[in-house]
Amino acid sequence: AEMQKYLLYNTVEPEELSTLRELSTIEICKVWSGMSRHIYRQLLQKRAVEIGVGSFAVLPAHANVAEGKLLPVERPVFILSKPLKMFYNLESDETKIPDEMPVVQPDFEEIAANIHFRHEIVEQCVQETLLCFAGALRDNKEVEFSFR
């Protein structure tokens, strides 16, 4: 149900982004940096984190080191959710999260406690940012989302 709200038939209206409009850029960055640290900690514990539009995971891969030598490595990936890909007609690699890997939702209370924000604000801020992201996908805009 969580993901449903990112399948947009219409452009995102400013009133759908009330929290983002009240927060300063610095505050929004603070929320996402808290979110990013939280995701990082989950990935270290071999969990995938589902954030509505897709999931972060660390998956086994192989790096070419020298002639024909492959080194097993772990690669952090972001996997767009399938319904989102189909809805917006997006191309991306067919990457699957292994069945044995637990998939968790972000713990907004924990993130909020770490950055000293109310957890409703953190949750709204994240959801509204993802709504903007979905809106950009819908309108075919370039999106740059950088995560440390």
Side-chain angles (χ1 to χ4, degrees), residues 1-9 11-12 16-65 70-148:
E2 192 51 33
M3 203 224 53
Q4 235 45 54
K5 67 164 147 264
Y6 301 120
L7 304 181
L8 305 175
Y9 288 101
T11 305
V12 179
E16 296 178 75
L17 308 172
S18 53
T19 307
L20 284 187
R21 295 194 6 246
E22 283 170 28
L23 296 173
S24 68
T25 304
I26 289 174
E27 290 170 322
I28 295 169
C29 288
K30 203 168 171 183
V31 167
W32 277 98
S33 110
M35 179 82 169
S36 138
R37 281 195 303 271
H38 176 72
I39 291 170
Y40 181 68
R41 283 196 300 273
Q42 303 307 309
L43 295 179
L44 286 179
Q45 292 172 39
K46 304 270 185 275
R47 294 189 194 116
V49 185
E50 200 274 317
I51 65 163
V53 293
S55 304
F56 290 94
V58 173
L59 302 180
H62 288 94
N64 288 317
V65 201
L70 287 178
L71 186 68
V73 290
E74 295 196 309
R75 199 163 68 95
V77 293
F78 180 72
I79 305 166
L80 268 177
S81 80
K82 238 197 196 96
L84 206 83
K85 258 184 1 192
M86 285 160 65
F87 188 86
Y88 293 115
N89 219 342
L90 302 169
E91 298 276 311
S92 78
D93 297 343
E94 275 305 306
T95 312
K96 281 183 88 71
I97 293 173
D99 293 334
E100 65 277 6
M101 184 177 284
V103 179
V104 298
Q105 306 288 323
D107 182 337
F108 290 112
E109 299 213 359
E110 186 187 306
I111 297 165
N114 286 333
I115 60 172
H116 311 293
F117 276 44
R118 290 213 324 277
H119 92 265
E120 297 81 17
I121 300 231
V122 173
E123 193 163 354
Q124 287 300 118
C125 175
V126 166
Q127 288 178 358
E128 289 176 19
T129 307
L130 295 175
L131 207 53
C132 285
F133 177 71
L137 289 179
R138 181 191 171 276
D139 301 335
N140 267 321
K141 291 198 181 109
E142 282 283 316
V143 178
E144 189 179 327
F145 221 134
S146 59
F147 250 32
R148 276 213 311 281

- Task: Measure the shortest side-chain to side-chain distance between Ile51 and Tyr6 over non-hydrogen atoms and say whether it is less than 4.5 angstrom.
- Result: no
- Message: salt bridge (charged side-chain N to carboxylate O under 4.0 Å, His left out), that's the test. Do Arg21 and Glu16 meet it? Break it down for me.
- Response: CA-CA 10 Å; Arg21 295 194 6 246; Glu16 296 178 75; over 6 Å; no
- Distance-minimising heavy-atom pair for Arg47 and Val104: CD-CG1, 3.6 Å
- In this structure, CG of Leu84 is separated from OG of Ser92 (nearest 0.5 Å) by 10.0 Å
- Atom pair CD (Gln124) and CZ (Phe108), whose distance is rounded to the nearest 0.5 Å: 9.5 Å
- Can you see which heavy atom on Cys125 is nearest to which on Ile28, and at what distance? SG-CG2, 4.1 Å
- Message: Give me the atom names and distance for the closest heavy-atom approach of Gly135 to Val12.
- Response: CA-CG2, 3.9 Å
- Rounded to the nearest 0.5 Å, how far apart are OH of Tyr88 and CG of Asp139? 8.5 Å
- Can you measure from CG (Leu17) to CD (Gln127) and round to the nearest 0.5 angstrom? 12.0 Å
- Roughly how far apart are Ser55 OG and Lys96 NZ, rounded to 0.5 Å? 11.5 Å
- Task: Using the side-chain contact (heavy atoms from CB on, under 4.5 Å) rule, pick out the option among Ile79, Leu137, Leu80 that qualifies with Lys85.
- Result: Leu80
- Any side-chain hydrogen bond (donor to acceptor under 3.5 Å, both in side chains) pairs touching residues 111-120, not counting sequence neighbours? Arg118-Glu120
- Kindly say whether Asp107 contributes a backbone atom to a donor-acceptor pair with the side chain of His38 at under 3.5 angstrom? yes
- Do the side chain of Glu50 and the main chain of Gly52 share a donor and acceptor less than 3.5 angstrom apart? yes
- Would you say the side-chain atoms of Glu128 pair up with the backbone N or O of Thr19, donor to acceptor, closer than 3.5 Å? yes
- Message: Can you tell me if Leu71 has over 12 outside heavy atoms packed within less than 6.0 Å of its CG?
- Response: yes
- Item | Worked check of salt bridge (charged side-chain N to carboxylate O under 4.0 Å, His left out) between Lys46 and Glu100 | CA-CA 10 Å; Lys46 304 270 185 275; Glu100 65 277 6; over 6 Å; no
- Item | Ring center gap for Phe87 and Tyr9 short of 6.0 angstrom | yes
- How about Ile39 and Pro106: do any of their side-chain heavy atoms sit closer than 4.5 Å? no
- Item | The single option from Val122, Leu20, Thr129 passing side-chain contact (heavy atoms from CB on, under 4.5 Å) against Val31 | Val122
- How long is the span from the CD1 atom in Ile26 to the OG atom in Ser33, to the nearest 0.5 Å? 12.0 Å
- Task: Check Ile97 against Ala48 and note the closest heavy-atom contact, atom names and distance.
- Result: CD1-CB, 3.8 Å
- Tell me, yes or no, whether the heavy-atom count around Arg75 atom CZ, taken from other residues, nucleotides or ligands under 6.0 Å, exceeds 12. no
- Message: Strictly by salt bridge (Lys or Arg N to Asp or Glu O under 4.0 Å), give each pair with a member in residues 22-34 just once, sequence neighbours left out.
- Response: none
- Task: Take Leu70 and Asn64, measure what side-chain contact (heavy atoms from CB on, under 4.5 Å) needs, and give me the verdict at the end.
- Result: CA-CA 5 Å; Leu70 287 178; Asn64 288 317; 2.7 Å; yes
- Task: Give the C-alpha distance, both sets of side-chain angles, the deciding distance and a yes or no for side-chain contact (heavy atoms from CB on, under 4.5 Å) between Leu59 and Met101.
- Result: CA-CA 10 Å; Leu59 302 180; Met101 184 177 284; 4.2 Å; yes
